[in-house]
Structures are given as C-alpha cells and as structure tokens.
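Down below is the structure, laid out as structure tokens.
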Amino acid sequence: MTLQEIVEHLSLKVLTEGKDLSQIVPASGYTSDLLSCVMAGAKHKALWVTLQSHINIVAVGALLDLSGIIITEGAMPDQATIAKANEEGIPLLSTEKPTFFVVGKLWEMGLREA
Amino acid sequence: MAQDQGPIRKGRTITDGAAGLITRVEELAYELKIDEVMTRDVKVVSPDTKMSELLELLRQARISGAPVVLHGRLVGIVSIEDLIRSLRAGDVESPVSKYMTPRVLTVHGSDPVIEALKVFTQTRVGRLPVLDQADNLIGIITKGDITRGVLRALQYDYQEEEVRRYRASHLFEDIVSDRTSLILRYNIKPRDFAHGGAASSNIKRALLRLGASPQIARRCGIAVYEAEMNLIIHTTNGGIIRVEIEPHLITMEAIDDGPGIADIELAMTPGYSTATEEIRELGFGAGMGLKNIERCVDKMLLESTPGKGTRLEMGIYLHPSALSKDANLSPKEGA
C-alpha cells in the first residue's frame with residue numbers, strides 16, 4: 001500500500017512537496033506523542049501518527065528514516081517545520097480526525113505491522 | 001598514405017567502465033521487480049465507456065492507453081491506436097468494447113523486469129497490465145517505466161559507490177599515524193527546541209558519508225538525539241556534544257556544567273523524568289531517554305556531580321569482531 005493511496009483513502013492534506021508518494025510504501029505503523037517512545041518503538045520506514053506538530057517531529061522522522069508523519073486533530077506545523085521536512089525528505093500529512101480514527105482506518109486498509 | 005592508418009573508429013570506444021555499466025543494466029533487468037518500477041495509480045475504463053470519453057481520459061491523464069476492467073476483472077486493453085481507428089470511422093460514440101484488444105498479455109508484479117522486457121521485444125505492445133498473485137490489477141508498466149526504474153537504481157548504485165569511496169576505513173588506511181581519528185563537535189544551547197535534533201541529524205549524515213552502515217548510523221543518531229535533547233531540556237547553560245570516529249569505534253560524549261543529576265540510578269529508571277509540564281506537552285520528558293541510549297550503544301558511562309555538571313559517554317564498536325554483538329544489540333531494527 002502506497003502513501004498516495006493512504007492520502008486518498010483518508011483524505012489527508014499533504015503539507016510537504018517534492019516526494020512521489022506513490023513510490024513510498026510504509027513498512028509498518030506506530031503511534032505515540034512521546035518522542036522518546038517513538039525513538040524506542042518505531043521501526044524504520046514506519047508511518048507515524050501523532051498530534052505533535054512542532055519541528056522536533058521532523059528530526060525524529062529523519063533519524064528513524066520514517067516513511068511519513070500523519071499529524072492528527074488539525075494540529076498545524078509552522079512554516080519552519082514544513083521547510084525542514086522538505087529538506088529532510090519526510091512527508092508531513094495532516095488531518096482533522098483524531099489519532100484513534102486514523103489508526104483504525106490504516107488497520108482497515110491492511111497496515112497492521114507494528 | 002592516409003589509408004594505411006587503419007580503419008577509422010566511429011563513435012566512442014567502449015571502455016571497461018562502460019562495459020561494466022551495460023552489464024549492470026542487464027543485471028538490473030533481473031534484479032528489479034516489476035512492481036518496483038510500474039505505475040501504481042492506473043486509470044481504467046469499463047467496456048461501456050464511450051470512445052469519446054476515452055479520448056478525454058487519455059488527454060487529461062496524458063496517457064496513451066488504459067486497461068478495460070469489468071467487475072474488477074481485466075477484460076481488455078485499449079490504446080490510442082484503437083482511438084484513432086474509431087476517429088477515422090467517425091465512430092467515437094461506440095463503446096470501448098468494440099475497439100479494445102480483448103486478449104491481453106499481462107505480467108505479474110513479483111516477476112523481474114526482464115519478463116516485461118521480453119514481451120515488449122517479442123510483441124508490439126507498448127504497455128502491459130500488472131497483476132498480483134490473485135490476478136487483481138495492481139498497476140501498468142511501459143518501457144518508459146522500466147527506463148526510469150533502471151535509471152533510479154543506477155543513480156542509487158552511483159551514490160552507494162560514492163559512499164564506498166569515502167568509507168572511513170579507506171580514509172583511515174591512507175593516513176599513516178599511530179592513532180587516527182575524526183572529531184566532530186557541536187555546541188548545544190539550553191531550551192533551543194527549534195534546533196533540537198540538528199546535531200544528531202548532522203552526525204548521522206556524516207557517518208553515512210563515511211561509509212558506516214545505515215544501522216550503525218541510526219543507532220548513533222538515536223543515542224545522540226536523546227543526549228542532545230537532555231542538554232536542551234535540562235541544562236543551565238547548554239553543553240557540548242563531541243563525537244570521535246575511529247576505524248574501530250565511535251565515541252560520543254555529552255558534557256554540561258550543571259545542574260547535575262542527584263540520583264543517577266533514579267534517572268535511569270524508565271518513566272522517571274524531572275521535565276516540566278510545559279516540556280512534557282511537547283512530547284519530551286517521557287523518562288525514556290537514557291534507557292533508549294543504553295539500548296542503542298555498546299557501552300555507556302554516566303557521571304554527574306550536583307552543582308558541577310554531567311558527562312555522558314557512549315560507545316559503538318565498528319570492528320568486524322563486534323558485528324555479532326551488533327546484531328543482538330539492535331532488536332528493534334526491523335529490516
């Protein structure tokens with residue numbers, strides 16, 4: 001399943017640019033709002049679902065080589081965060097929906113590797 | 001006389017390098033899987049679609065053909081040539097089923113690219129629908145997709161080669177000394193959350209550039225990130241991160257001048273944190289940082305004197321003899 005399919009199925013807003021999302025296939029999923037938990041628990045190439053939206057999520061994404069970050073509950077990262085994500089090549093996606101809903105949908109779509 | 005000078009060579013002489021490249025392209029045709037290079041987002045039509053609607057689709061999507069699907073099953077393929085036939089006959093209101101090619105050649109996503117290439121050279125088709133093991137349509141492949149896929153793979157190879165060229169071991173081999181090392185230093189400011197992770201990202205990138213394996217680079221990145229965030233969150237005046245890269249060992253140090261840790265054992269306890277509510281709201285202060293570091297490195301030393309400062313030393317071995325240990329120490333690394 002590609003990131004592009006996930007974006008379409010969940011009507012996510014793509015905040016970053018320059019990456020062909022139809023060529024990115026997330027290997028697993030992870031969710032937590034505690035960055036150290038993500039550092040410990042998320043595998044590389046994972047898709048991370050969080051309501052954090054500050055610039056450090058990009059650092060975490062880049063260090064773990066994540067496939068992308070879905071920011072939930074309409075939290076909006078600032079321009080500096082989006083610019084940093086573009087620079088590091090980490091797709092940022094946003095939605096008004098809560099994390100629980102997003103994770104449920106991803107599970108339904110078949111992303112079940114934790 | 002001019003004729004005695006032997007035949008004039010036309011074009012370029014094939015060098016060893018070029019010959020190697022040709023072989024590599026051939027190899028890639030066997031190594032790359034069709035689903036790695038195909039186009040996934042396929043535009044399809046149904047047998048009832050009118051040729052005039054097909055024309056619009058081809059124009060808008062800038063494609064030259066589309067698979068014909070009925071109830072999820074592939075029943076044919078229709079191309080721009082078929083469209084031209086219908087245009088010539090002034091028959092664009094007819095359904096696609098009248099002009100499509102009903103018996104379609106297909107390939108499987110898990111097949112190597114060479115299988116698609118064989119079909120392209122043996123037949124005159126320009127595009128092949130790609131099916132999964134259950135015969136569902138998952139994509140479409142053209143010669144253009146293969147060219148792009150091969151170029152991407154070659155570019156990746158080239159980057160790998162670049163990285164290999166600068167491999168730390170080689171770099172160090174050329175330099176004769178009793179002890180050679182490369183030292184990277186980063187100054188970390190207190191409460192500078194906007195630059196949190198900058199030092200660890202730079203260190204990770206430097207290690208990859210020096211030819212460290214992605215796993216080693218990630219482990220160093222995670223360990224330094226946690227140390228970096230600790231300096232940002234907890235210190236009075238910030239601190240210094242110092243990374244020393246030697247052929248067999250990466251040593252990372254985080255040093256600050258206060259406030260110091262009163263009870264190191266307590267600080268190491270998962271879930272224990274002295275971070276303020278404000279910092280926790282940003283997702284920090286989970287009380288897992290030091291535990292994460294311990295998990296990622298081969299050796300760890302934490303010394304602190306309240307009022308004086310803290311020194312955290314972390315080490316990751318690079319020597320081949322440390323490789324078996326290596327594998328055990330990164331249980332969370334997925335692939």
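Here is how names work: the chains are called A, B, and so on, in the same order as the sequence lines, proteins then strands, and each is numbered from 1.
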So the ring-ring contact (aromatic ring centres under 6.0 Å, His included) pairs with at least one residue in residues 273-300 of chain B (sequence neighbours excluded) are H54(A)-F284(B), F193(B)-F284(B)
Legend entry - Steps toward side chain to side chain contact (heavy atoms under 4.5 Å, CB included) verdict (R205(B), E88(A)): CA-CA 11 Å; R205(B) 205 170 294 136; E88(A) 296 279 359; 3.1 Å; yes
By a 4.5 Å heavy-atom criterion (distance strictly below it), what part of [X] contacts chain B: side chain, backbone, both, or neither?
X      : value
Q23(A) : side chain
S22(A) : backbone
N56(A) : both

To the nearest 0.5 Å, atom CD of E8(A) lies from atom CG of D41(B) at 6.0 Å
One should read off an interatomic distance between S201(B) OG and E87(A) CD, to the nearest 0.5 angstrom, of 9.0 Å
Any idea which heavy atoms bring [X] and [Y] closest together, and the distance?
X       : Y       : value
A286(B) : S36(A)  : CB-CB, 4.2 Å
A40(A)  : R295(B) : CA-NH2, 3.3 Å
G197(B) : A59(A)  : CA-CB, 3.8 Å
L63(A)  : R218(B) : O-CG, 3.1 Å
A62(A)  : K204(B) : O-NZ, 2.8 Å

Pair count under 4.5 Å, heavy atoms only, with chain A: among E281(B), M229(B), M288(B), highest is M288(B)
Is a salt bridge present between R152(B) and D20(A), judged by a nitrogen-to-oxygen distance below 4.0 Å?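 A salt bridge is absent here (no side-chain N lies under 4.0 Å from a carboxylate O).
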Next item on the list: Count the heavy atoms of every other residue, nucleotide or ligand shown that sit under 6.0 Å from NE2 of H195(B), and state whether that count exceeds 12.
Entry: no
Q.
With a sphere of 6.0 Å drawn around NZ of K33(B), does it hold more than 12 non-hydrogen atoms of other residues, nucleotides or ligands?
A. yes
Review point. Yes or no on side chain to side chain contact (heavy atoms under 4.5 Å, CB included) for I222(B) and L64(A), after CA distance, side-chain angles and deciding distance?
Key: CA-CA 8 Å; I222(B) 292 172; L64(A) 296 173; 3.5 Å; yes
Check your understanding: Would Q4(A) and R40(B) count as a side chain to side chain contact (heavy atoms under 4.5 Å, CB included) if you check the C-alpha gap in whole Å, the side-chain angles of each, and the deciding distance to 0.1 Å?
Key -> CA-CA 10 Å; Q4(A) 184 61 36; R40(B) 289 174 180 273; over 6 Å; no
- Query: What parts of residues 68-85 of chain A touch chain B if we use heavy atoms and a cut-off under 4.5 Å?
  - Reply: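 Answer by number: none.
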